[in-house]
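Please read the structure below before turning to the comments.
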Number of protein chains: 2
Amino acid sequence: MDYAPILNNIAKYVTLTEEEEIYFTSFLHYKKVKRKQYLLEAGDVNTKISFVTNGCLRSYAVDKNGGEHVLQFAPPGWWIVDMRSMLTHEPARLNIDAIEETELFYILKADLDALQLKYPKFERFGRMLAENAMATYQHRQIDNMILNAIERYSNFCTLYPSLILSLPQKQVASYIGVTPEFLSKMLNTVVIK
Amino acid sequence: MDYAPILNNIAKYVTLTEEEEIYFTSFLHYKKVKRKQYLLEAGDVNTKISFVTNGCLRSYAVDKNGGEHVLQFAPPGWWIVDMRSMLTHEPARLNIDAIEETELFYILKADLDALQLKYPKFERFGRMLAENAMATYQHRQIDNMILNAIERYSNFCTLYPSLILSLPQKQVASYIGVTPEFLSKMLNTVVIK
DNA sequence: ACTAACCCTTAATCTATATTAACAATTTCC
DNA sequence: GGAAATTGTTAATATAGATTAAGGGTTAGT
């Protein structure tokens, strides 16, 4: 099994000893999910955190009319989780599924807890990962408060340059918070044809 | 100086030894800010994280027309920071000011770094604090994606029960993302008069 | 290679919320 | 205690983006 992608991700934050690497990888589960297959369904408890090595996942919530609203895409190198559900064991509000065939590693919350108690370096890693995620969500919220749809689209292109080409436009629309019809209109009006 | 409020907050997550408590409190700075006085101005680098013991702070961003949009209120027991600015030393996008006369403790990021290297228990505390904040922002984002203005107002009342009474309505409107005029209309239409 | 499912576009109509303006009520602070 | 600033209300008008509907194009799985 090739653990390099996930170990490289961790190496951005902390430097593991060989012992720590071995212990950590012993907790990793490898999984392959097919297009449209669920990794988490709203209502279930989120018991693991996943790291994508290939393909792409998405997390989304469903409104009372059944409309899907994408919270996050996870292309290779991204982590994905319903954090509140994992922390409190409440039912998840998020669904996580695969946009295309996807490979990932996951680690169970219970194993992660053990890992962090044994090696404080994983507390440090977890702190940094959560701090970065918090900073990202803070600024996403600011963007949503002060930017219009065109500006949010432009932000999206900067954040996920690889996805803009491969993703159906309706998924992008869902992420930036407009209907597919409105995004289509925007893209065919703003640019000089 | 009465450190009880901030020590009680930390005790929710980790149990400090007397040595750790003394070391930690030696890094704390006490500050009193008057109504409308800034703790952080957008454009400056956020170098500290603050914990409110009395009064109330708010963080907000300003749009291109000069409109203010509240990201967070911090009544007693809450932490407040522009996390990205603190992590990367980029200029802050958030302003933080006092809604009323407010007392707080702050700790400099540089001191916090030293503290966490010396005592892993503060890594653990920092991880849990950041994970909770991330969970909160994830669910705030979900709320904003799937709820309408009335439902967001109702959420606000649950989240900040003490503030609904003391805060000017226009601040509430700014937090939930509507104009003061619209909130006024909502409140005088929805309820049977 | 075929078929069903999915995706994109256009256009007409609709709606939640914004904007502007004017005035009354309340709060702050000198 | 009173002037100045801030806050809340109402109503008319405006707008960003939603909804609905329909046709044509593209993709995926058999």
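Here is how names work: the chains are called A, B, and so on, in the same order as the sequence lines, proteins then strands, and each is numbered from 1.
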inquiry  = Need one value for B/K34: base, sugar-phosphate or nothing, where a base atom within 4.0 Å counts as base even if backbone is also close, heavy atoms only.
reply    = nothing
query = Hey, does B/G177 reach any base, or is it just sugar-phosphate, or nothing, if we go heavy atoms under 4.0 Å?
reply = sugar-phosphate
N/O (side chain, A/Q169) to phosphate O (OP1/OP2, C/dT9) under 4.0 Å = yes
query = Distance check: side-chain N/O of B/K185 vs OP1/OP2 of C/dA16, anything under 4.0 Å?
reply = no
Write down the distance between [atom1] ([X]) and [atom2] ([N]), rounded to a whole number of angstrom.
X: B/M145; N: C/dA16; atom1: CE; atom2: C1'; value: 19 Å
X: B/E100; N: D/dT7; atom1: CD; atom2: P; value: 13 Å
X: A/I146; N: D/dA16; atom1: CD1; atom2: C1'; value: 18 Å
X: A/I99; N: D/dT27; atom1: CD1; atom2: P; value: 16 Å

note = Closest of D/dA28, D/dA18, C/dT9 to the A/T179 side chain is D/dA18
inquiry  = Checking contacts here: which listed nucleotide (D/dT19, C/dC8, C/dT17) is nearest the side-chain heavy atoms of A/E181?
reply    = D/dT19
request  = Measure the acute angle between the ring planes of B/Y3 and B/F105, then classify it against the limits of 30° and 60° as parallel, tilted or perpendicular.
outcome  = tilted
request  = Kindly check if the number of other-residue, nucleotide or ligand heavy atoms within 6.0 Å of NZ (A/K109) is above 12?
outcome  = yes
